[in-house]
K.L.:
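Below is one structure. I have some questions about it.
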2 protein chains.
Amino acid sequence: MAKKRVSIKDIAKALGVSITTVSFIINGKAREQRISDEVSKKVKDYIKEVGYKPSHVAQSLRLGKSKIIVFMAEDISNQFFSSIARFIEEKAYRNGYKIIYCSTDNDVGKAKELISTFKMRNVDGFIITPTPDLEDVIKDLMEEEFPVVLFDRWLPDVDCSHVIVENKKSAFEGTDHLIKEGVKRPAFISLESDQTQMIDRETGFREAIQQSGVKGLELKLKFHNLAESGPYQELFEFFSKNRDIDGVFFATNYLAFEGLQALDSLGRNIPKDVKVVSFDDHYFFGLFKPKITAIEQPLETISEKLMETILNHIEELDKGYVSRKIILPNKLNIREST
Amino acid sequence: MAKKRVSIKDIAKALGVSITTVSFIINGKAREQRISDEVSKKVKDYIKEVGYKPSHVAQSLRLGKSKIIVFMAEDISNQFFSSIARFIEEKAYRNGYKIIYCSTDNDVGKAKELISTFKMRNVDGFIITPTPDLEDVIKDLMEEEFPVVLFDRWLPDVDCSHVIVENKKSAFEGTDHLIKEGVKRPAFISLESDQTQMIDRETGFREAIQQSGVKGLELKLKFHNLAESGPYQELFEFFSKNRDIDGVFFATNYLAFEGLQALDSLGRNIPKDVKVVSFDDHYFFGLFKPKITAIEQPLETISEKLMETILNHIEELDKGYVSRKIILPNKLNIREST
DNA sequence: TTGAAAGCGCTACCAC
DNA sequence: GTGGTAGCGCTTTCAA
């Protein structure tokens with residue numbers, strides 16, 4: 001069993017040099033400390049030979065940094081979040097950071113608990129999709145000088161960095177597109193939520209219908225988590241009761257998937273009877289028959305900006321906090337459903 | 001700035017007791033150590049008052065355990081892996097563990113590097129979908145007494161615990177089902193891969209066609225990662241050249257999604273002209289028109305067994321290693337495509 | 001019942 | 001150029 005892990009002390013002893021010397025060489029400060037090339041080489045060779053790896057735990061304890069960033073999503077099994085997770089992960093590794101992820105299920109209690117345990121781990125930063133009522137926790141985090149960046153939605157009462165998209169504008173455009181395609185009675189399907197991204201999308205929808213004078217209607221569903229069945233039934237009933245609907249804007253793709261099934265069961269033809277636009281483009285919208293028009297969020301750019309922002313905050317911890325608010329444009333992919 | 005983190009030392013000083021006493025009380029050993037209820041209460045109250053949280057980093061260093069388990073998937077943005085990640089995460093948290101995840105992209109180099117950096121972090125265990133040629137690294141890991149569990153596929157040359165599914169049996173059943181539905185010329189679409197799960201699925205297919213005497217054909221595509229475009233083009237050409245194909249078995253769902261598009265472009269009707277079965281059921285197979293017959297892996301059971309196995313290994317580290325090999329049954333969901 | 005102190009592995013200040 | 005050593009926060013043995 002090669003169970004014996006070598007420590008810096010073992011190296012020093014084996015080579016008859018001091019721990020300090022070894023440490024300097026490991027950390028690339030040999031030159032700076034004017035350690036002789038001879039010793040330096042000897043140590044480096046020995047390190048390679050025995051396969052020494054410094055303990056990150058000890059480094060963490062000593063330096064108060066862990067090189068770990070937490071990524072708190074609403075639900076990591078949701079394609080939107082897992083795609084961002086994927087990009088983030090890659091960018092993090094490239095910068096020497098690891099990612100710990102977790103899903104909040106949009107539950108404050110869970111989010112609070114999670115944040116609290118991560119604090120004990122000296123994590124270097126938090127990337128968070130805030131749940132409702134998380135304001136105080138975020139404020140605490142910021143007071144304790146933890147780097148934090150929010151995404152997908154933000155908290156109006158907290159001056160915290162975030163990376164979001166143009167929800168209102170895109171919802172406006174999507175709705176406007178429906179109307180321009182001849183829709184007279186558009187429906188907006190969303191979640192019961194007072195979170196910024198949903199509110200902005202709703203506002204965009206409302207402004208668009210108001211501007212053009214058509215009369216719309218709205219349906220808000222409650223959040224369904226992993227264990228529960230989807231909102232198919234409610235959607236079925238809604239579409240069944242409101243036969244005059246000739247256009248639907250889904251505020252998020254998961255609602256669209258369920259809604260499209262409901263429309264199909266009701267025998268409504270897309271795009272002839274009903275035109276459809278959804279927020280959050282998805283691989284499968286291109287596979288549907290007909291292909292579904294959707295608003296695509298720039299996943300990779302979001303991830304890039306998130307990493308950039310969090311790394312900036314980490315680096316500039318001492319220089320005081322200046323929040324960065326980044327708002328990115330989306331793209332309307334027009335397909336067969338409109 | 002509530003930046004001042006209290007340590008166990010601060011508590012001891014503030015209350016005029018020793019660090020030892022505080023430590024015992026925190027760790028629930030007050031009774032055992034016969035610390036007076038009075039002191040115990042005083043300390044507990046104070047801890048609550050100042051919101052003291054022990055540093056996990058220091059505990060890690062001291063105890064050599066981190067309460068972190070690594071989850072290495074092929075690609076975390078793939079629905080199969082992200083769903084398992086989600087279940088694992090939940091079960092881990094319930095047991096006081098955190099999960100660090102990463103994606104290997106099926107690349108040995110990346111996997112090796114990742115494993116090496118995690119070793120430095122004293123992680124308590126590894127859950128891994130092994131990439132090709134990872135045998136030696138896994139062996140090393142096991143020799144160093146790190147708990148390891150593989151999943152999705154395994155390594156025949158290494159006696160390591162794993163949780164997999166009945167690939168051969170299910171592929172046999174799926175193919176057999178195609179044949180029973182009248183398919184005379186089945187195609188098997190898979191990845192160029194000598195990994196166990198793909199080989200087993202291929203074997204299942206071959207045995208089924210052999211048994212019934214029909215003549216099948218096979219297509220193997222190379223692995224496409226996130227950045228590359230899918231194998232649509234190859235599939236289109238294949239189906240276009242082999243017009244006599246009247247049944248397709250896709251070895252994994254991502255191939256099916258691309259393949260279905262190709263079949264559609266070619267105007268082949270499902271299930272009239274071509275019947276389709278895919279491995280790895282997916283939410284969208286139920287949304288397709290027609291709905292696609294698919295083999296469903298028991299995601300939650302897989303996750304449960306993974307956690308159970310890794311926790312077992314962690315607990316029984318000292319008792320020596322006995323590998324556990326778990327093979328779970330799948331479910332064939334018959335739908336409209338056959 | 002409680003406390004002192006060693007030590008987990010490492011960094012970096014200070015001394016020689 | 002190199003080495004000694006304090007100390008990050010905690011657990012645990014041994015002593016009192």
Side-chain angles (χ1 to χ4, degrees), chain A residues 3-44 46-47 50-68 117 119-124, chain B residues 3-44 46-47 50-67 117-124:
Chain A
K3 186 63 190 172
K4 179 92 191 86
R5 270 198 65 172
V6 283
S7 79
I8 202 169
K9 208 200 280 179
D10 300 324
I11 299 176
K13 208 186 300 170
L15 263 41
V17 296
S18 87
I19 292 177
T20 316
T21 310
V22 179
S23 174
F24 281 138
I25 294 169
I26 290 169
N27 295 299
K29 296 188 184 161
R31 273 267 117 60
E32 198 178 314
Q33 297 292 330
R34 314 207 239 157
I35 287 169
S36 69
D37 287 357
E38 186 197 352
V39 175
S40 190
K41 183 167 183 329
K42 185 172 69 175
V43 171
K44 277 184 186 154
Y46 186 75
I47 283 174
V50 296
Y52 166 76
K53 299 267 189 265
S55 155
H56 278 183
V57 176
Q59 286 178 328
S60 272
L61 180 61
R62 182 61 234 237
L63 302 175
K65 315 220 152 294
S66 60
K67 289 282 181 181
I68 289 183
T117 59
K119 281 192 199 170
M120 311 196 255
R121 279 187 194 281
N122 279 5
V123 298
D124 292 346
Chain B
K3 186 62 191 173
K4 179 94 192 84
R5 271 199 65 173
V6 284
S7 78
I8 203 169
K9 204 199 279 178
D10 300 324
I11 299 176
K13 207 187 300 172
L15 262 43
V17 296
S18 88
I19 292 177
T20 317
T21 311
V22 179
S23 174
F24 282 140
I25 293 169
I26 290 168
N27 294 299
K29 297 192 181 156
R31 273 266 115 62
E32 200 178 307
Q33 296 292 331
R34 315 209 239 155
I35 288 169
S36 68
D37 287 358
E38 189 195 352
V39 176
S40 188
K41 185 171 180 325
K42 186 171 68 175
V43 172
K44 277 185 187 154
Y46 185 76
I47 283 174
V50 297
Y52 166 76
K53 298 265 191 273
S55 155
H56 278 183
V57 177
Q59 286 178 329
S60 274
L61 180 60
R62 181 61 233 231
L63 303 175
K65 317 221 150 295
S66 60
K67 289 280 179 183
T117 60
F118 286 126
K119 280 192 199 170
M120 311 196 254
R121 281 189 192 279
N122 279 4
V123 298
D124 292 347

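What you see is a predicted model, and the numbers here were worked out from it, not measured in a lab. Letters A, B, ... are given to chains in the order of the sequence lines, protein chains preceding strands, and every chain is numbered from 1.
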K.L.:
Could you give the CG-to-C1' distance, from B:Leu15 to C:dT2, as a whole number of Å?
P.N.:
14 Å
K.L.:
By the 4.0 Å heavy-atom rule, please label B:Val17 as base, sugar-phosphate, or nothing.
P.N.:
sugar-phosphate
K.L.:
Taking 4.0 Å as the cut-off, does a side-chain nitrogen or oxygen of B:Lys9 come that near to OP1 or OP2 on D:dG7?
P.N.:
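Checking D:dG7 against B:Lys9, no side-chain N or O comes under 4.0 Å of OP1 or OP2.
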K.L.:
Report yes if at least one side-chain N or O of A:Ser18 is closer than 4.0 Å to OP1 or OP2 of D:dG3; otherwise report no.
P.N.:
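Answer yes for this pair, as a side-chain N or O of A:Ser18 is under 4.0 Å from OP1 or OP2.
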K.L.:
What do the steps show when you test B:Leu63 against B:Asn122 for side chain to side chain contact (heavy atoms under 4.5 Å, CB included), and what is the final call?
P.N.:
CA-CA 10 Å; B:Leu63 303 175; B:Asn122 279 4; over 6 Å; no
K.L.:
How many whole angstroms separate atom CG of A:Asp37 from atom C1' of D:dG1?
P.N.:
12 Å
K.L.:
Between A:Asp37 and A:Arg31, is a side chain to side chain contact (heavy atoms under 4.5 Å, CB included) present by the stated rule, with each step listed?
P.N.:
CA-CA 9 Å; A:Asp37 287 357; A:Arg31 273 267 117 60; 2.9 Å; yes
K.L.:
Of all the choices, D:dC10, D:dG3, C:dC8, which nucleotide is nearest to the side chain of A:Phe24 once you look at every atom?
P.N.:
D:dG3
K.L.:
Got a donor-acceptor contact below 3.5 angstrom from the B:Arg121 side chain to the B:Ser66 backbone?
P.N.:
no
K.L.:
For A:Arg34 and C:dC16, give me the distance from atom CZ to atom C1', rounded to whole Å.
P.N.:
15 Å
K.L.:
How close or far is atom P of C:dA5 from atom CD1 of B:Ile8, stated in whole angstroms?
P.N.:
17 Å
K.L.:
Phosphate oxygens OP1/OP2 of D:dC10: is one of them under 4.0 Å from a side-chain N or O of B:Ser23?
P.N.:
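No, because none of the side-chain N or O atoms of B:Ser23 sits under 4.0 Å from OP1 or OP2 of D:dC10.
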K.L.:
Could you give the CD1-to-P distance, from A:Ile11 to C:dG9, as a whole number of Å?
P.N.:
12 Å
K.L.:
Roughly, in whole Å, what's the span from CG in B:Asn27 to P in D:dT12?
P.N.:
7 Å
K.L.:
Rounded off to whole Å, could you give me the CZ-to-P distance for the A:Arg31 and D:dG1 pair?
P.N.:
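It is 11 Å, rounded to the nearest whole Å.
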K.L.:
Between A:Gln59 and C:dT11, does any side-chain N or O lie under 4.0 Å from OP1 or OP2?
P.N.:
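Checking A:Gln59 against C:dT11: at least one side-chain N or O falls below 4.0 Å of OP1 or OP2.
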K.L.:
How would you label the contact of B:Ser36 with the nucleic acid (heavy atoms, under 4.0 Å): base, sugar-phosphate, or nothing?
P.N.:
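Sugar-phosphate, backbone atoms only, no base.
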K.L.:
OP1 or OP2 of D:dT2 versus the side-chain N and O atoms of A:Gln33: is any pair under 4.0 Å?
P.N.:
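Result: no.
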K.L.:
Under 4.0 Å between any heavy atoms, over every strand shown, what does B:Lys29 touch: base, sugar-phosphate, or nothing? Just pick one.
P.N.:
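Counting heavy atoms under 4.0 Å across all strands, the contact made by B:Lys29 is with sugar-phosphate only.
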K.L.:
Drop me the distance from B:Ser36's OG to B:Lys42's NZ, to the nearest 0.5 angstrom.
P.N.:
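The NZ atom of B:Lys42 is 8.0 Å from OG of B:Ser36, to the nearest 0.5 Å.
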K.L.:
Would you give the length of the straight line joining atom OG of A:Ser55 to atom CZ of A:Arg62, rounded to the nearest 0.5 angstrom?
P.N.:
13.5 Å
K.L.:
Once you apply a heavy-atom cut-off of 4.0 Å, does A:Val57 come out as touching a base, just sugar-phosphate, or nothing?
P.N.:
nothing
K.L.:
Can you sort out the partners of B:Lys67 under salt bridge (Lys or Arg N to Asp or Glu O under 4.0 Å), two or more places apart, ordered by chain and number?
P.N.:
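For B:Lys67, no residue satisfies salt bridge (Lys or Arg N to Asp or Glu O under 4.0 Å) once neighbours in sequence are set aside.
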K.L.:
Let me spell it out: for each of B:Arg62 and A:Leu63, pick the nucleotide of DNA chain C with the closest heavy atom. Which residue's pick is nearer the 5' end?
P.N.:
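Its nucleotide being nearer the 5' end, the pick is B:Arg62.
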K.L.:
Closest nucleotide of DNA chain C for A:Ile19 versus for B:Ala58: which of these residues is on the 5' side?
P.N.:
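Its nearest nucleotide lies further toward 5', so the answer is B:Ala58.
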K.L.:
Does A:Thr20 contact D:dG4 through a side-chain donor or acceptor facing the base, at a distance under 3.5 Å?
P.N.:
yes
K.L.:
Atom CE of B:Met120 and atom C1' of C:dG9: how far apart are they, to the nearest Å?
P.N.:
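Atom CE in B:Met120 sits about 14 Å away from atom C1' in C:dG9.
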